[in-house]
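Read through the structure below, which is laid out as structure tokens, and then see the notes.
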Amino acid sequence: MDLKKLACSLIPDGDLLPTEEYEKIYPPRDLKKGAEVTRLAPSPTGFIHLGNLYSALADERTAHTTGGVFYLRIEDTDEKRKVDGAVESVIRSLDYFGIKFDEGAEMDAPNLYAPYYQRQRAKIYRAFAKKLIEEGLAYPCFCTEEELEKVREEQNAQKLVTGYYGVYAKCRNLTEEQIYKNLSEGKPFVIRLKSQGDVNIKHAFRDEIKGEITVTENDQDVVILKSDGIPTYHFAHAIDDHFMRTTLVIRGEEWLSSLPVHLELFKVLGFQTPRYGHTPSLLKMDGGTKRKLSKRKDPELSLDYYRKAGYYPDAVIKYLLTILNSNFEEWSLKNPQKSWREFGFRVDKMGKSGALFDLDKLSDISKNEIALLTPEEVCAFLKGWAEEFGSPSDRRRFDDQTYIIKVLALVTGFGLKKRRKDIERAEQGIRLIDYFFDDTFTPDYSFRQPAETVREILGSFARKYDPADDNQTWFEKVKEVARALGFAAETSEYKQNPSAYKGSVSDVAEVLRIAITGSPNSPDLCSIMKILGKERSLTRLAAAAQAVK
Ligand code: GLU
């Protein structure tokens, strides 16, 4: 068969470059030894999930701890799944978590390996598909969907591996005459790889994450160019990762089963195979069993979830690092003030199988991270959240900076030996300080004392209150009120003889706390009253006295 003629009939494009040219256009990168080139290659579907961040983090760390390059390639070959604005959204979402690309789609960088959108690389794929046809390593397949489905059913019935291979590869051995007849009839066709592999041959393979694995040779004549001339993931992956000079492909373990195809493609294309690291799937506990995080069932799979809920971005990264590298947690405990960027990340230290994702643990880390911040930093974080996701009232909180900084210093225990860890997320943090603002102060006056006693406590304390009092004087006054109304001024006194008192000083303080903050739990009440100011504090005491029935 005249393969050159066949290649020209199948791929008649007159403007394709000779394939050797691409080696010159995209030469090997000039990087120091050991520098890794990694990439994130999302489809622009608009859904950015935790798995993307998880891989991106491994990619970014690997590139940046070795002096390499981390780039963004957009795998937009599937037009149907494309969503407008998805690329910007990937960049913005990852940027929020501190993950930045060195080059790639929409990057303001030299971008020497452009274009980074696969649809714009059509000529390159077509040039190489043509070359494979000329070499007898690829051929046209005219099978219809129905024919392929029938074969699949037959294979399933016989419990055979499904696919296009061996005797099932109907178009593999079409004669020249049959091919040209089909072409002249205008039958649509795809281009398939003419696999040279043998499934009886197995090779040892070193996956950077999974370790030593066994890979069976591929014998599937996979599609490399679809009927619209657009490449499949397999083909584009081999060509792009070669010409963008990726050294380490980090991707989800769902691609492991395609590895034999990819290894064969690199071989037939005459490219050196990159190294691979397949990341384990993210799992969660569900009713005692582990299962994969699912887009349908688990809102926490979406990266937007973490931004909307206001988890501290570094906390999400630190949490992912605890899953990625088992020695990260210990390092982080020893170096709480250090940036995660200082940790010596190692791709070969990544867990080999299912990574258990646990929101409680993330909340814990988020709390700890926020407790390391200054009030100004907490303020900037909450403000950023409010601007993007909050209500107008949430945003108004930041109008008086001096006031909110005082509030945040108090609720985070800034300056105390042991910081308070009450804020775990921006949204919850903003709700936590609702009572400091009149428009969101919605008290629950559930007093445990009789109404009459409550009124007496509130009234007598209001008469004594002086905002100039220090903590000790303030508390002395609470004790005086307690004593005067038949409560024990010391908890120990109350414990010794409970029946002699209405309660203890802590019951009195609780009444004041509920009146001022609307709930029985809060940081230091004397400080809260100081921040609120005399007028507002007294108004709240009076309002509670009036409301109680
Ligand atoms: N576009 C593929 C995906 O989003 C990329 C896989 C890879 O990293 O090679 O799953």
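Counting convention: from 1, in listed order, for ligands and their atoms alike.
Among all protein heavy atoms, the one lying closest to atom 8 (O) of ligand 1 is Arg39 NH1, 2.8 Å. With hydrogens left out, the protein atom closest to atom 10 (O) of ligand 1 is Trp255 NE1, 3.4 Å, a heavy atom. For atom 3 (C) of ligand 1, the closest non-hydrogen atom on the protein side is Ala41 O, 4.0 Å.
Checked against a 6.0 Å centroid threshold, the rings of Phe243 and Phe128 count as neighbours. Aromatic ring centres of Trp255 and Tyr233: separated by under 6.0 Å.
Residue contact annotation: Glu254 has no non-hydrogen atom under 4.0 Å from ligand 1.
Atoms of ligand 1 lying under 4.0 Å from any heavy atom of Arg251, numbered from 1 in the order shown and given with element: 7 (C), 8 (O), 9 (O). Numbered from 1 in the order shown, with element, the atoms of ligand 1 that lie under 4.0 Å from a heavy atom of Tyr233 read 5 (C), 6 (C), 7 (C), 9 (O). Close contacts between ligand 1 and Glu75 involve ligand atoms 1 (N), 2 (C), 5 (C) [criterion: under 4.0 Å to a heavy atom].
Judged by the 6.0 Å and 45° rule, Arg29 forms a cation-pi pair with Tyr113.
Residue contacts with ligand 1: Val249 is placed with no nitrogen or oxygen under 3.5 Å of a nitrogen or oxygen of the ligand (distance criterion only).
Not counting sequence neighbours, Tyr54 has no partner by the ring pair (Phe, Tyr, Trp, His ring centres under 6.0 Å) test.
Of the N and O atoms on the side chains of Glu264 and Ser195, at least one donor lies less than 3.5 Å from an acceptor on the other residue.
Within 6.0 Å of atom NZ in Lys82, 12 or fewer heavy atoms from other residues, nucleotides or ligands are found, so the atom counts as exposed in its surroundings.
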